[in-house]
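Before any comments, here is the structure.
These figures come from a predicted structure and were not determined experimentally. All heavy atoms count here, side chains included; hydrogens, waters and symmetry mates do not.
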Amino acid sequence: MCLVSKARTAGIFSVAMVDVSKWPLFKLLSTQELASIRQACIFGASANEAIYITHDDEVYVLGLNCSNCLGTGDSQSTIVPKKLDSLTGKKLVSLSYGSGPHVLLATQEGELYAWGHNGYSQLGNGTTNQGVSPILVTTNLQNKRVTEVACGSHHSLALTHEGEVFAWGYNNCGQVGSGSTANQPTPRKVSNCLQNKVMVSIACGQTSSMAVADNGEVYGWGYNGNGQLGLGNNGNQLTPCRLIALQGLCVLQIASGYAHSLALTDEGLLYAWGANTYGQLGTGNKSNQLSPVQVMTEKERIVEIAACHSTHTSAAKTQSGQVFMWGQCRGQPIVLPHLTHFSSTDDVFACFAMPSVMWRLLSMEHDDFLTVAQSLKKEFDNPETSDLKFSVDGKYIHVHKAVLKIRCEHFRSMFQSHWNEDMKEVIEIDQFSYPVYRSFLEFLYTDSVDLPPEDAIGLLDLATSYCENRLKKLCQHIIKRGITVENAFSLLSAAIRYDAEDLEEFCFKFCVNHLTEVTQTAAFWQIDGNMLKEFICRASHCGAFKN
């Protein structure tokens, strides 16, 4: 006997190690704003809308705001996040979006909210008026606790805690499952052969609907012109039909693309059917399949599948963490599952789907997990864990010998047994200033430098002395960004002194381009006479003193 619980279905949201800044919209956020994100979703016809929830359960939106899909109460687009006050404090468990787009959201309390495009009553409030802000959908859902939502192009599904499926909105192909093709203005329970069945998962294609029962059976209804219902024919279905071809299999997860479907069994087997114009079934050709066919048969056990109704892209993750993609990938048809370097199926959609939407609501809860890089950064100058101190200008900098040996050849040599420093607990540094030396040590922990250009000169000297070429380049970059008329000649002098040819050329050109102003600064008249003569000679060759 096959039993499938809601906890076993992976289509609601993920706990994932995904960098949301891979989606361009999130590049607009500051580091602090990104760190505040607990859940996020990118949606819209061009992946131009975003919604995210913070650790404080505040809901923010940004983007183009097509059809009022941001729910801000107006039709204005925004590149600055706006808070949806009506959803503050609501804990989200499921979110989905349509092509209009319209947005559905289910909370931990089982409430259902909707907003955005409503030309076909896909918001479920009985009207066709745009939803400019979140609407609480209650018709036929009183005393029901919604646990999952799914959106097609212009229709909507909701799954309740009791395992009931409700549908509403556009119904031209029977995707609401009511037995007719009349649009459904409010949530209506999908019955017929789902009657007395406990459903545990739902999914929508553009104009089709799918559901999985707790015994692993799969049901489909709506548009079937490409065989996306998996029934062995291409006739539309106005009420749910069981996929007989999957009989004997226990399906844990379903995922629907624009016009194709994927199913994952409890044995880690993957089945695909429907449209295949872009190779999205992964069968090695572009022929549609009216019935489920097994794919990735020679691969290891599959633990997750991914598709989205607004794309023709498919992805899967194996037990060992390998991620495969196929279908339309940046416009290119890939007809067989292709092994990627990604660690998450979500990365496939960020980098290769068109549009680059998210296929599910992402959860960024990591149980305070820190990466190796984050851990190293956190431990820099930590006296509790350090085993070595540098004393510079009377101040201590706490570090770890092992990190220094791994990251820097100079320290690897220093801490050999024949160096005196290897036995010391405190090492005195007198040739460099405290800000410079601290920045150098911090660079070894973080790969970044945050110094003003004047201090970067000293760090450039250190980088040259310690043969740290990457640090040398970073310093030159900082100096170039911070050059001004007042400091230009000092920076030129430093570049010459530390044999930084690229920086020297940059500073020289800046001085020539601003010659009148530069020659009136104190730095110009304080330099060595020979260097001044060399500058004047070189500048004259460039025609700097011609009338």
With side-chain contact (heavy atoms from CB on, under 4.5 Å) as the test, would you mind laying out the steps for His260 and Ser314 before giving the verdict? CA-CA 9 Å; His260 75 288; Ser314 301; 2.8 Å; yes
Are the side chains of [Y] and [X] in contact, using a 4.5 Å heavy-atom criterion?
X: Phe535; Y: Val518; answer: no
X: Val303; Y: Thr318; answer: no
X: Pro383; Y: Tyr396; answer: no

[atom1] of [X] to [atom2] of [Y]: how many Å apart, nearest 0.5 Å?
X: Leu34; Y: Met364; atom1: CG; atom2: CE; answer: 9.5 Å
X: Gln332; Y: Met354; atom1: CD; atom2: CE; answer: 11.5 Å
X: Cys408; Y: Leu441; atom1: SG; atom2: CG; answer: 9.0 Å

[X] versus [Y], closest heavy-atom pair with distance:
X: Cys511; Y: Phe489; value: SG-CD1, 3.8 Å
X: Ala523; Y: Ser490; value: CB-OG, 3.4 Å
X: Val357; Y: Gly44; value: CG1-O, 3.6 Å
X: Ala50; Y: Ile42; value: CB-CD1, 3.5 Å
X: Pro134; Y: Gly71; value: CD-O, 3.4 Å
X: Cys41; Y: Leu95; value: SG-CD2, 3.8 Å

Test side-chain contact (heavy atoms from CB on, under 4.5 Å) on Trp326 and Val335 and set out the steps. CA-CA 6 Å; Trp326 62 99; Val335 299; over 6 Å; no
With distance as the sole test, does [X] use its side chain to make a donor-acceptor pair with the main-chain N or O of [Y] at under 3.5 Å?
X: Ser540; Y: Cys537; result: yes
X: Ser46; Y: Asn48; result: no
X: Lys317; Y: Ser343; result: yes
X: Asn382; Y: Glu384; result: yes
X: Asn118; Y: Leu123; result: yes
X: Asn487; Y: Thr484; result: yes
X: Ser94; Y: Thr147; result: no

Side-chain donor-acceptor pairs of residues 471-483 under 3.5 Å, sequence neighbours excluded:
unit_1 : atom_1 : unit_2 : atom_2 : d
Lys480 : NZ     : Asp502 : OD2    : 2.4

Name every donor-acceptor pair, under 3.5 Å, that has one atom in a side chain of residues 100-108 and the other anywhere in the protein, sequence neighbours excluded.
unit_1 : atom_1 : unit_2 : atom_2 : d
His102 : NE2    : Ser156 : OG     : 2.9
Thr107 : OG1    : Glu109 : N      : 3.3
Thr107 : OG1    : Glu111 : N      : 3.2

Show every side chain to side chain donor-acceptor pair (under 3.5 Å) that has at least one partner inside residues 517-531, sequence neighbours left out. none
Any pair with a residue in residues 63-79 that passes side chain to side chain donor-acceptor pair (under 3.5 Å), sequence neighbours left out, goes on the list, sorted by first then second residue, please. Thr72-Asp74
Would Lys405 count as a cation-pi partner of Phe415, with NZ or CZ less than 6.0 Å from the six-membered ring centre and within 45° of the ring normal? no
Has Lys395 got its NZ or CZ under 6.0 Å from the middle of the six-membered ring of Tyr434, at an angle within 45 degrees of the ring axis? yes
Count the heavy atoms belonging to other residues, nucleotides or ligands that lie under 6.0 Å from [atom1] of [X], then report whether that count exceeds 12.
X: Asp450; atom1: CG; result: no
X: Tyr258; atom1: OH; result: no
X: Glu409; atom1: CD; result: yes

If you apply the rule side-chain hydrogen bond (donor to acceptor under 3.5 Å, both in side chains), what do you find for Tyr113 with Lys90, and how did you get there? CA-CA 11 Å; Tyr113 290 88; Lys90 307 283 186 182; 3.3 Å; yes
Under 3.5 Å, is there a donor on one side chain and an acceptor on the other for [X] and [Y]?
X: Ser36; Y: His55; value: no
X: Gln206; Y: Ser99; value: yes
X: His400; Y: Glu379; value: no
X: Glu300; Y: Ser320; value: yes

Can you tell me which residue among Leu70, Ile135, Leu84 is in a side-chain contact (heavy atoms from CB on, under 4.5 Å) with Trp115? Leu84
Which is it for Phe506 and Leu491 under the side-chain contact (heavy atoms from CB on, under 4.5 Å) test, yes or no, and what are the steps along the way? CA-CA 10 Å; Phe506 177 86; Leu491 299 181; over 6 Å; no
Is the distance between the ring centroids of Phe390 and Phe411 under 6.0 Å? yes
is_close_aromatic(Tyr437, Phe440), centroid dist under 6.0 Å: yes
Hey, mind stepping through Thr311 and Cys308 against side-chain contact (heavy atoms from CB on, under 4.5 Å) and telling me if it holds? CA-CA 6 Å; Thr311 75; Cys308 174; 4.0 Å; yes
By side-chain contact (heavy atoms from CB on, under 4.5 Å), which residues pair with Ile496, not counting sequence neighbours? Leu492, Glu504, Met531
Glu442 meets the side-chain contact (heavy atoms from CB on, under 4.5 Å) criterion, sequence neighbours left out, with Phe380, Arg438, Thr446
Step-by-step side-chain hydrogen bond (donor to acceptor under 3.5 Å, both in side chains) determination, His117 to Gln122: CA-CA 8 Å; His117 192 272; Gln122 59 263 49; 2.9 Å; yes
Run the salt bridge (Lys or Arg N to Asp or Glu O under 4.0 Å) test against Asp447 and tell me which residues pass, sequence neighbours left out. Arg407, Arg470
Of all residues at least two apart in sequence or in a different chain, which pass the salt bridge (Lys or Arg N to Asp or Glu O under 4.0 Å) check with Lys22? Asp347
Partner set under side chain to side chain donor-acceptor pair (under 3.5 Å) for [X], not counting sequence neighbours:
X: Glu505; value: Arg538
X: Asp57; value: Arg38, Lys91
X: Thr345; value: Glu304, Trp359
X: Gln374; value: Thr371

Classify the ring geometry of Tyr52 against Phe26: parallel below 30°, tilted from 30° to 60°, perpendicular beyond 60°. perpendicular
So, Arg497 and Asp461, do they make that salt bridge, N to O below 4.0 Å? no
